[in-house]
Trainee: 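Once you've had a glance at the structure underneath, I'll fire off some questions.
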Amino acid sequence: MGNKQTIFSAQQLDAYQDCTYFTRKEILRLFSRYRDLAPQLVPLDYTHQPDVKLPYELIGSMPELKDNPFRQRIAEVFSEDGEGNMTLEDFLDMFSVLSEMAPRDLKAYYAFKIYDFNNDDFICKLDLVKTLNKLTRNELTEDEVRMVCEKVMDEADMDNDGRLSLEDFQHVIVRAPEFLSTFHIRI
Amino acid sequence: MSHYSDGSFYNPAYHDSETLELDRRPPFKPRHSNPYAQDPPPPWQAARASAVSTVTGPRANADPWEGGAGRGLRALGALPLGPRPSQHQDPPPWQRPPHHSSVHGGGSYHDAAAPSRFPATFSANMTMRLRGMRRMSMFPNGDPSHLSITEGAIRNELEYEEQNLVKELMACSTKERIEGIRKLPMTYHEKKHIRNRVLASKSSKKSRHLSCLADCSESMSLILTGGMSLQSLRRCASGVAAARQALDLWQGTMKEVGGSFGSSVLSYFLFLKSLLLLNVFSFVVNFSFITVPMLAYDHVPHNVTFRGLELLTGAGYFRYTVLYYGAYRAGSFTGLLHYNIQLAYFFTIAAYMVLCGAAVLYSMASSFKMNYVLSDPVGGGSWQLLCTWDFSVTNEKAVRQRKNNLRIQLKESMSERSQGTRLTPAEKLRHFGIHLGAWFVSTSMAVGCGNAIYYLSQYEQQQATNAEDWSLAREAETLLVPFVVSLINLVVPLFYSLFNKFEPYSSQRRQIYALILRNVILKMSILGILCYFWVHEVAHKFSCWESRVGQALYRLVVFDFFFMMLGSFFGEFLSKVIGTRWIPGLGVPEFDVARNVLDLIYAQTLAWIGIYFSPLLPVLQIIKFLVLFYLKKVSLIQNCQPPRRVGRAAQMKTIFIALLFFPSFVGSLSLVAYTSWSLTPSRLCGPFKDLDSTFSVVGVWMTSLEGVPAAAWAVWVYVNVVRSEIFYFLVTIIILFITFVFWQVTQGRKLLILLLRQQIVNEGKDKTFLLDKLQALQKSHPTQHPKSKIKKQRRSGGSSTGVRSSSNAMVQTFLSVEQGSRGAHPREPPSPSHLSISFQRTPFASEGQPPSDALGLTLRAGQRAEVHQPWTPPASDPLGHPPWTPPSADPLVRVMRARDAYDGPPVPLDGGTSSGVMMQVMEARSRAEGGGGRGAPERIGPGSSSALIQAMLARQQAQNEYDDGY
């Protein structure tokens, strides 16, 4: 492990550990995962904080993400530029939120953002339709899609404004304890 | 609701609630004004809601104020909506409704000059809210009064916010601080920024404070600065975390299983792993505290040869080893320290049982809290759609299958819904009969199995007592009982599953519960019979009965292991072969989590019972679980398909832990306790051979301690606490009392949750209604007149602070007045003179008033408009309560009344000024509810808007109180 430490300075590692749910070892492992995506782009020395960004195409090709129907949304939500291109920090952030240690509220917040396809801070019917299509491979009829979305709205929309706010979403999450185990990507 | 209103109108509704939240600040905040006044939501609230999102989309859906009165106001520049432009970026084109793009007068508020740090700080506040610190407001001065400040000032405010956050974080302990930083829903750089600030201010504050807790792993030079204590503690914590991870067995396997089968199947493996760790712990404890001293003390080698069959039977060679109770002998040896084997045996096992109980109880309680208390009994589509997608699934095939399954499930749930199962009494009776029959058959099967095992054991015991030679054949005969027991355990559950297929169940969950319950009854009746047999027959007939029981348990454990393997062969491999080769209709089998977990629970029960009779039984259990893990993994990956139904895995997990606790652990604990309390240990072997009962070892120890003055307290405790009934009586009373109190608290909380939920719903209704009204007003009324009026007023009375603080209140006033006047003259256009008067006075009045009076002002204005009385100065009614409101009325009551009115039946319109305000509200609301409210704005009764305002005010107060109380 001694030679690996030259990747980051001690301060960097401390900062990473303070801001994510990872230990030193995991951070180094994630770094190597990150680097494996594009060895020619990512330098081995991160002490000078190089400005490296991996494009979405590379991030989305990770085995953890490549079959996830929401991979693009995940990358967009966690990348600072909003387009799915990720720095190492974004990358750490993403897996930190998706790790086992992250609390429910944090997970719920990001899950909400992932489902909010048009970034309008509400999960509206259009978002639900999109989610549904992603989850069922567009195989439901239009009628069925409409019915499901109405049902969801009906159940989850506490304040009856026709769309789900973060609060509504958190209500759903609180009542669905599986969420903690399902919104989780093992690294 | 038309689409239009969905899009553009509900947006402010959301902000409305945000506004109310903002107003919950402590009173020292300057310019606390009408919450209403914020109705044109400041863009940062939008951004606040959107947190990190860089595009504040909903702003594009211009709210009514922008389109209507607000625009005119803003055009003046006197209205403090000025800074808006600087704050939000151009919305993406798709969010801009075409009919609104023209209304956005002047691109001035789409400057897109948003400083990049804004979202970060918003999200910081978001977190604070997530963390439950709702009091901490993002905008301490964020009232409309501040809307007119420049971009620099806003930046200052954000800076201030950040400082608040930093301060708050600094006030926390080191651990909480790290947690707090981690929890912030910001990007990494923003978190780091906050962290650095916290560290910096920390180190400047307490420069030379040594934190004794933190320095355990840190060199002194680092700790000299207080800021470093954060790091040192974190290093400690991360060391612990790293150690925990090192213990994390089979991470790769878990990932693989979770990746292709989802978390419900994974829970089986996690359960297996935790049981394995429990057994490792038990082995370590028993081995180091009982076996090692025993071996060191005196180990008599025996001359029985190893024949091989012992591995199955546990008898023969093993009989004389430390595997069983019989090989331990009483005595104490004094080397470096005095060590009493008797005491060690007793206390090790007692401590192990207590620790196990605590661990299981704790995990059960936490799992219950997490998964049961808050979860909704009626899960539906929202749950299926939003929460069930398993992000850990990474296998392409599994993903495809999951999508299919989800689709089928959604379709099913929809069809179930549309059918709406109504059963005729005859059908009900038939179902009931089938259930009854199935229960009868399954229970009698369990009883029959228990009986059969009892007689079989008796027969075997007779054989054993008749012939005392231990030939191979005799030894092999002992395998009969464990074989039959395991066979029953394998076969009977299959019958149960078969019944289950024929029984009509209303929900899948009930079906699973019934299945689990039957299996548990079966397993527990078998084990109960066996225990009864051991305690009542074996214990009185054999010379070294503890070892015999230990051997019987050994055999059961071994056979259970073989049958588990057989089970996975038949249950998974064969059915796969059958399903794929011969009867394709059956398909590839699913991994039956429930059956497998029950097997594990059964196995663990055996190990727990055996802990007293065979202290090294956990070794066997460890081997068994290790092999089982790999076997199940291979079998799963080779033979099974992902589960078709996405069950409520988390709740199942809770049930399994509960089962592990209740029949399993409690049962084995009571057996062990009974054995050590009231059974006489065998006279020929074992550590307790000269005692009447195992527990009396404590008494003997205490009598030996009586002479030692240093141990007087222990003797006192033994005599007065352990042996006194009064103590247990008191403890029981206290526990019952505490339970009762907590139960009451729970009931109260439940009620509170219910009320709060209802409140959310009601607020949503309020919001919808009010927005409809506003929209109706906007549409019905041409905006040119008021705007020009306001313009004039602005110019003539253009004071700075007073106008600013009351400006939005003014808008309200304007609206209410306008409405009131229109209500009074339903067919007339609004009279400009009316408006001008009220507007002339409003800013003037508010100049001399504290900002909170703006509300009252508004109310009064509305009231005035309604009753057409001459305007009176606000000083005469300082509280601003409209006279028709009973001053003592509880805000809640008022809200209730308003709500009742809302929900009540529609009342015929009369439109007269004399009718009660509540009636007005009722009317207006029922109208809004019924006809969409937009069609008939001119029919709105006089004064209804002021009543509305009152209702909203009351609601806000109620909310404040709720908030305080909570």
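Residue numbers start from 1 in every chain, and the chains themselves are labelled A, B, ... in the order their sequence lines are given, proteins ahead of strands.
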Trainee: For K397(B), does the NZ atom have more than 12 heavy-atom neighbours from other residues, nucleotides or ligands under 6.0 Å away?
Mentor: no
Trainee: Just so I understand: if I count every heavy-atom pair under 4.5 Å between each of T394(B), V393(B), N196(B), N404(B) and chain A, which residue has the most?
Mentor: T394(B)
Trainee: For the interface with chain B, which of M94(A), K134(A), E89(A), H171(A) has the highest count of heavy-atom pairs at distances below 4.5 Å?
Mentor: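 Highest number of pairs under 4.5 Å: E89(A).
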Trainee: With chain A, which of K403(B), M254(B), E396(B), R400(B) has the greatest number of heavy-atom pairs at distances under 4.5 Å?
Mentor: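 Ranked by heavy-atom pairs under 4.5 Å with chain A, first place is K403(B).
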Trainee: Which bit of V399(B) is near chain A, if near means a heavy-atom gap under 4.5 Å: side chain, backbone, both or neither?
Mentor: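 Only the side chain of V399(B) comes within 4.5 Å of chain A.
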Trainee: Quick one: sort the F70(A) and F391(B) rings into parallel, tilted or perpendicular, breaks at 30° and 60°.
Mentor: parallel
Trainee: Do you know which of V97(A), I185(A), I173(A), N68(A) has the most heavy-atom pairs with chain B at a distance under 4.5 angstrom?
Mentor: N68(A)
Trainee: Could you pull out the closest heavy-atom pair between Q12(A) and Y188(B), with the gap in Å?
Mentor: O-OH, 4.4 Å
Trainee: Minimum heavy-atom separation for L266(B) to R186(A), with atom names?
Mentor: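 Shortest heavy-atom contact: CD2-NH2, 2.9 Å.
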Trainee: Can you tell which part of I74(A) gets under 4.5 Å to a heavy atom of chain B, answering side chain, backbone, both or neither?
Mentor: side chain
Trainee: Would a 4.5 Å heavy-atom cut-off, applied to side chains only, mark K183(B) and Y21(A) as touching?
Mentor: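 Touching, per the 4.5 Å side-chain cut-off.
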Trainee: Output the distance between atom CG (D14(A)) and atom CZ (R195(B)), rounded to the nearest 0.5 Å.
Mentor: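 Rounded to the nearest 0.5 Å, the CG-CZ separation comes to 6.0 Å.
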Trainee: Give the minimum heavy-atom separation between R182(B) and C19(A), together with the two atoms involved.
Mentor: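 Looking at all heavy atoms of both residues, the closest pair is CG-C, 4.0 Å.
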Trainee: Does any heavy atom of chain B fall under 4.5 Å from the side chain of P63(A), the backbone, both, or neither of them?
Mentor: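 For P63(A), the contact with chain B is made by the backbone alone.
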Trainee: Give the member of E179(B), K192(B), K191(B) that has the highest number of heavy-atom pairs under 4.5 Å with chain A.
Mentor: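 Most heavy-atom pairs within the cutoff with chain A belong to K191(B).
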Trainee: So does E144(A) pair up with R407(B), basic N to acidic O under 4.0 Å?
Mentor: no
Trainee: With a 4.5 angstrom heavy-atom cut-off, which part of L92(A) approaches chain B: side chain, backbone, both or neither?
Mentor: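 It is neither, since no heavy atom gets under 4.5 Å.
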